[in-house]
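This report refers to the structure that appears directly beneath it.
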Amino acid sequence: MRVLVIGASGRTGKLVLDELRNRGHQITVLARNPAALEGYQVDIVKGTPTNMSDMREAFKRDIPEVVIVTLSAPRTSDSPFAAVISPPRLMADSNANVVAAMKEFGVPKVVVLQAFGVGDSWSNMPWILQLLMSKSNMRHQYEDHNNTDREIRASGVTFVFVRPSRLVESDVLKVREWPGDGRGVSMMASSSRKSVAHFLIDAATESKWDNTAPVITN
Ligand SMILES: NC(=O)c1ccc[n+]([C@@H]2O[C@H](COP(=O)([O-])OP(=O)(O)OC[C@H]3O[C@@H](n4cnc5c(N)ncnc54)[C@H](OP(=O)(O)O)[C@@H]3O)[C@@H](O)[C@H]2O)c1
């Protein structure tokens with residue numbers, strides 16, 4: 001398939017590129033710093049996802065059959081309390097541009113990496129995590145994901161929102177899906193980034209998860 005990846009230079013994004021290539025897909029990426037993808041044999045359009053004309057260029061390059069978004073709204077470090085250095089609607093505005101371009105170029109589907117606790121899965125988060133995510137600077141990331149959730153659903157395009165628990169660096173492990181928006185997922189649950197990357201591609205290439213928001217762990 002022809003796949004456009006937004007957020008490809010990130011930790012999960014790069015694993016998505018590796019696995020897309022293993023599976024023989026044709027890849028285009030939109031990246032603001034192409035040097036970050038040196039060594040990856042992908043077609044790179046230089047630009048930022050918040051700029052609509054950059055987004056159009058990425059879509060035009062090789063009109064995709066599906067888009068995978070692995071953006072994050074960064075802080076100065078991974079600590080939940082580290083200062084936010086992201087514009088407040090980085091992911092929502094980028095995804096709004098993705099949706100506008102999908103409509104313009106007739107692309108049917110987008111798969112977005114989010115997190116356990118976004119949207120309807122919030123009420124199923126253990127209370128300690130709810131406290132952490134609502135009182136620390138993580139709340140900005142959740143707000144941005146929640147805006148994306150609402151706006152993509154309202155747009156009418158086909159979507160999959162993939163919502164893993166805490167990401168860890170380990171090998172590909174069996175993915176467990178949690179029906180009921182993650183009811184029962186424990187505080188210590190984790191998901192290997194590689195497994196998540198594989199799941200994002202499964203969700204992009206199969207219709208099984210269309211218009212759903214699976215909560216996953218290992
Ligand atoms: N950490 C966890 O435990 C956890 C758990 C569940 C879900 N998640 C979710 O996983 C997602 C991806 O995380 P990750 O760790 O793979 O992300 P990451 O390594 O921080 O990568 C972030 C990506 O977003 C891009 N980006 C950031 N700021 C940008 C800006 N201002 N303009 C354009 N692009 C920008 C980066 O591009 P540059 O390379 O150009 O900076 C990069 O491609 C996040 O949405 C997060 O909520 C994380």
Side-chain angles (χ1 to χ4, degrees), residues 3-20 23 25 27-31 36-37 42 49-50 55 58 64 66-75 78 86 89-99 102 109-122 125 133 138 140-153 157-170 172-173 175-178 181-182 185 189-206 208-218:
V3 186
L4 171 62
V5 184
I6 311 288
S9 55
R11 288 164 291 183
T12 316
K14 284 179 173 170
L15 298 172
V16 168
L17 297 186
D18 289 338
E19 184 59 14
L20 281 170
R23 298 191 195 183
H25 295 294
I27 314 163
T28 305
V29 309
L30 173 62
L37 289 167
V42 292
T50 50
M55 186 64 74
V66 64
V67 183
I68 299 178
V69 182
T70 55
L71 288 170
S72 184
R75 296 180 303 283
D78 275 345
S86 173
R89 281 183 47 93
L90 170 71
M91 295 188 288
D93 285 346
S94 299
N95 280 298
N97 285 343
V98 168
V99 166
M102 286 170 69
K109 175 166 154 182
V110 61
V111 176
V112 184
L113 173 56
Q114 298 192 324
F116 175 43
V118 173
D120 289 342
S121 65
W122 176 258
M125 258 196 153
M133 301 310 168
M138 291 289 295
H140 300 288
Q141 178 103 235
Y142 273 78
E143 225 171 85
D144 204 352
H145 278 314
N146 281 324
N147 286 330
T148 299
D149 174 309
R150 276 192 296 276
E151 293 166 19
I152 291 187
R153 283 179 196 274
V157 302
T158 300
F159 65 85
V160 185
F161 299 137
V162 176
R163 296 178 173 165
S165 55
R166 181 174 53 96
L167 296 180
V168 294
E169 313 298 328
S170 64
V172 184
L173 299 168
V175 167
R176 175 167 180 188
E177 280 181 63
W178 293 77
D181 296 320
V185 171
S190 64
S191 311
S192 88
R193 277 184 199 278
K194 283 187 184 167
S195 310
V196 171
H198 287 214
F199 191 89
L200 287 163
I201 298 169
D202 293 343
T205 54
E206 298 172 35
K208 183 175 165 187
W209 294 277
D210 285 3
N211 297 321
T212 68
V215 171
I216 59 171
T217 65
N218 287 134

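Just so you know, residue 1 is the first one in the sequence shown, and it goes up from there.
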Minimal heavy-atom distance between S94 and T50, with the atoms involved, is OG-CG2, 3.6 Å
Distance, nearest 0.5 Å, that separates CG of N95 from CE of M55: 7.5 Å
Report the C-alpha separation of L17 and L37 in whole Å, then their side-chain angles, then the decisive distance to 0.1 Å, and conclude whether the side-chain contact (heavy atoms from CB on, under 4.5 Å) test is met. CA-CA 10 Å; L17 297 186; L37 289 167; 3.7 Å; yes
Between the main-chain N or O of A92 and the side-chain N or O of D144, is there a donor-acceptor pair closer than 3.5 Å? yes
Sequence neighbours excluded, the answer for side-chain hydrogen bond (donor to acceptor under 3.5 Å, both in side chains) partners of H25 is none
Stepwise, does the side-chain contact (heavy atoms from CB on, under 4.5 Å) test hold for V175 with N218? CA-CA 5 Å; V175 167; N218 287 134; 4.1 Å; yes
I'd like to know if R153 and D149 make a salt bridge, using a cut-off of under 4.0 Å between side-chain N and carboxylate O. yes
Partner residues of A96 under the side chain to side chain contact (heavy atoms under 4.5 Å, CB included) criterion, sequence neighbours left out: none
Which of parallel (below 30°), tilted (30 to 60°) and perpendicular (above 60°) describes F159 and F161? parallel
Mark yes or no for whether D210, through its side chain, and T158, through its backbone, hold a donor-acceptor pair below 3.5 Å. no
Nearest non-hydrogen partners of T217 and S165, listed with the distance: CG2-OG, 3.4 Å
Is P164 close to I216 at the side-chain level, that is, under 4.5 Å between some pair of heavy atoms? yes
Of all heavy-atom pairs linking S121 and A115, the shortest is OG-O, 4.3 Å
What's the shortest heavy-atom distance between P49 and I6, and which atoms? CB-CG2, 3.7 Å
Between T28 (side chain only) and L4 (backbone N and O only), is there a donor and an acceptor less than 3.5 Å apart? no
Tell me, with the steps shown, if V157 and I152 meet side-chain contact (heavy atoms from CB on, under 4.5 Å). CA-CA 7 Å; V157 302; I152 291 187; 4.0 Å; yes
Short side-chain to backbone donor-acceptor contact, Q141 and A73, under 3.5 Å: yes
Going by side chain to side chain contact (heavy atoms under 4.5 Å, CB included), name the residues that satisfy it together with E19, two or more places apart in sequence or in a different chain. N22, R23, H198, I201
In this structure, CD of Q114 is separated from CG of N146 (nearest 0.5 Å) by 7.5 Å
Enumerate the residue pairs fulfilling salt bridge (Lys or Arg N to Asp or Glu O under 4.0 Å) with a member in residues 89-98, sequence neighbours excluded, ordered by first and then second residue. R89-D93, R89-E151
Report the distance from atom CE of M91 to atom NE2 of H140, rounding to the nearest 0.5 Å. 12.0 Å
I'd like to know if the side chain of S195 and the backbone of L173 have a donor-acceptor N/O pair within less than 3.5 Å. yes
Exam field: side chain K208 to backbone D202, donor-acceptor pair closer than 3.5 Å: no
Can you give me the closest heavy-atom contact between P74 and L90, atom names plus distance? CD-CD2, 4.2 Å
Taking all heavy atoms of F199 and all of V162, pick out the closest pair and write down the distance. CD2-CG1, 3.7 Å
Give, for atom CD1 of I68 and atom CG of L200, the distance between the pair rounded to the nearest 0.5 Å. 6.0 Å
Euclidean distance, T70 OG1 relative to L113 CG, rounded to 0.5 Å: 6.5 Å
Report the residues that fulfil salt bridge (charged side-chain N to carboxylate O under 4.0 Å, His left out) with R75, sequence neighbours left out, ordered by chain and then residue number. none
Does the separation of the ring centres of F116 and W178 fall below 6.0 angstrom? no
Determine the sole option in L15, V172, V168, L167 for which the side-chain contact (heavy atoms from CB on, under 4.5 Å) test with V196 is passed. L167
So, taking the atom named CZ in R163 and the one named CD in E177, what distance separates them when rounded to the nearest 0.5 Å? 13.5 Å
With R11, which residues qualify under side chain to side chain contact (heavy atoms under 4.5 Å, CB included), at least two apart? D78, R193
